[in-house]
Amino acid sequence: MYEVRTLHTDADREEAAALVQDRQHWLTMRSLPVPAQADIPALFLDAQTRPAGLFEDGKLLACMIPERDPGLGWGEGPCLFLGCVHTLPGQPDDILRLITLWASDFAARLDLPLVRTETLARHALEAEPIAALLRRLTDMGWDVQGSGPGRGGDRVARLELAAESRSGLSALIGCRVHEPQAAPDDRGSA
């Protein structure tokens, strides 16, 4: 059974920060982009953030910072924003699919019409390796909304996903995530 839950304890937050560091190291070793400015691991340790994690049998597979209406500067209307999404290196793409299903359902339960996120895109969206990632995400239901500066200042691909209530999802993914707060305008994210 999978579960997405708010990371409350220092141990949970430290595990998420370590996962982010592992992912960033994995990306760097493959000459893939990592955020230039933001100290992402520190965001997961910051007591002011309310990060969430995707777990399978107690093992952290992914972490993110869900926020309500963060004032992105792109996209119209309210949304659930998934900031700083990082997955455990060496895991299958199914983790992204699970996050997609959960986020779409969670946004619907919050009466938000959309989920938005950003992913680093230092080059044209048609160039590899970003093109392959965007193809996988669009196959999962995400819509690419172009590119531009992201919340952390890096060039990103902007993504939207329609909220959709998924009544049977709780049999696959349990959810113990606090309702996200509106994001402060001055916090950086990638």
Side-chain angles (χ1 to χ4, degrees), residues 16 19-21 23-44 46 48-52 54 62-87 89 93 95-104 106-108 110-164 180-190:
L19 183 151
V20 171
Q21 289 173 328
R23 172 53 81 178
Q24 290 181 336
H25 177 73
W26 185 92
L27 292 168
T28 301
M29 297 303 294
R30 287 157 181 77
S31 299
L32 298 169
V34 295
Q37 300 296 321
D39 183 356
I40 306 301
L43 291 175
F44 283 89
D46 183 349
Q48 299 304 308
T49 63
R50 294 178 75 170
L54 170 65
C63 56
M64 67 208 93
I65 301 175
E67 299 170 305
R68 179 188 285 269
D69 301 325
L72 297 173
W74 63 271
E76 296 292 322
C79 73
L80 171 66
F81 181 76
L82 298 183
C84 304
V85 178
H86 286 75
T87 60
D93 284 342
I95 293 174
L96 291 176
R97 187 170 307 281
L98 292 170
I99 292 169
T100 296
L101 292 169
W102 167 80
S104 176
F106 189 58
L110 296 173
D111 292 322
L112 295 170
L114 295 167
V115 181
R116 292 190 178 107
T117 195
E118 301 171 338
T119 188
L120 286 175
R122 297 258 163 82
H123 304 287
L125 299 185
E126 300 78 25
E128 296 302 338
I130 189 67
L133 174 62
L134 294 177
R135 283 191 300 273
R136 286 195 310 271
L137 291 170
T138 56
D139 287 347
M140 292 177 201
W142 291 90
D143 292 317
V144 178
Q145 300 295 311
S147 64
R151 293 182 68 201
D154 291 302
R155 186 173 181 276
V156 298
R158 299 164 173 170
L159 298 156
E160 284 186 348
L161 176 69
E164 181 180 340
Q181 304 300 311
D185 290 334
D186 59 348
R187 183 185 307 143
S189 169

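All residue numbers refer to positions in the sequence shown, counting from 1.
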- Message: Going by ring-ring contact (aromatic ring centres under 6.0 Å, His included), name the residues that satisfy it together with Trp142, two or more places apart in sequence or in a different chain.
- Response: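 Trp142: no ring-ring contact (aromatic ring centres under 6.0 Å, His included) contacts found.
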
- Message: I'd like to know if the side chain of Arg116 and the backbone of Leu80 have a donor-acceptor N/O pair within less than 3.5 Å.
- Response: no

- Task: Any chance you could lay out the side chain to side chain contact (heavy atoms under 4.5 Å, CB included) test for Asp139 and Arg136, step after step, and finish with the verdict?
- Result: CA-CA 5 Å; Asp139 287 347; Arg136 286 195 310 271; 5.6 Å; no

- Item | NZ/NE/NH1/NH2 to OD/OE distance under 4.0 Å, Arg155 and Glu118 | no

- Query: Can any side-chain N or O of Gln21 pair as donor or acceptor with the backbone N or O of His25 at less than 3.5 Å?
  - Reply: no

- Task: Please examine the side chains of Val115 and Glu160, heavy atoms only from C-beta on, and report whether any two atoms are closer than 4.5 Å.
- Result: no

- Item | Under the ring-ring contact (aromatic ring centres under 6.0 Å, His included) test, residues paired with Phe44 that sit two or more places apart | none

- Item | Side-chain donor or acceptor of Arg122 paired with backbone N/O of Val34 under 3.5 Å | yes

- Query: Is there a donor in the side chain of Ser147 and an acceptor in the side chain of Arg158, or the other way round, less than 3.5 Å apart?
  - Reply: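 Checked: Ser147/Arg158 side chains show no N/O donor-acceptor pair below 3.5 Å.
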
- Task: Verify, without hydrogens or angle tests, whether Arg23 (side chain) and His86 (backbone) share a donor-acceptor contact under 3.5 angstrom.
- Result: no

- May I ask you to say whether Arg135 pairs ionically with Glu126, meaning some side-chain N is under 4.0 Å from a carboxylate O? no

- Item | Verdict with supporting geometry, Leu159 and Thr119, side chain to side chain contact (heavy atoms under 4.5 Å, CB included) | CA-CA 8 Å; Leu159 298 156; Thr119 188; 4.1 Å; yes

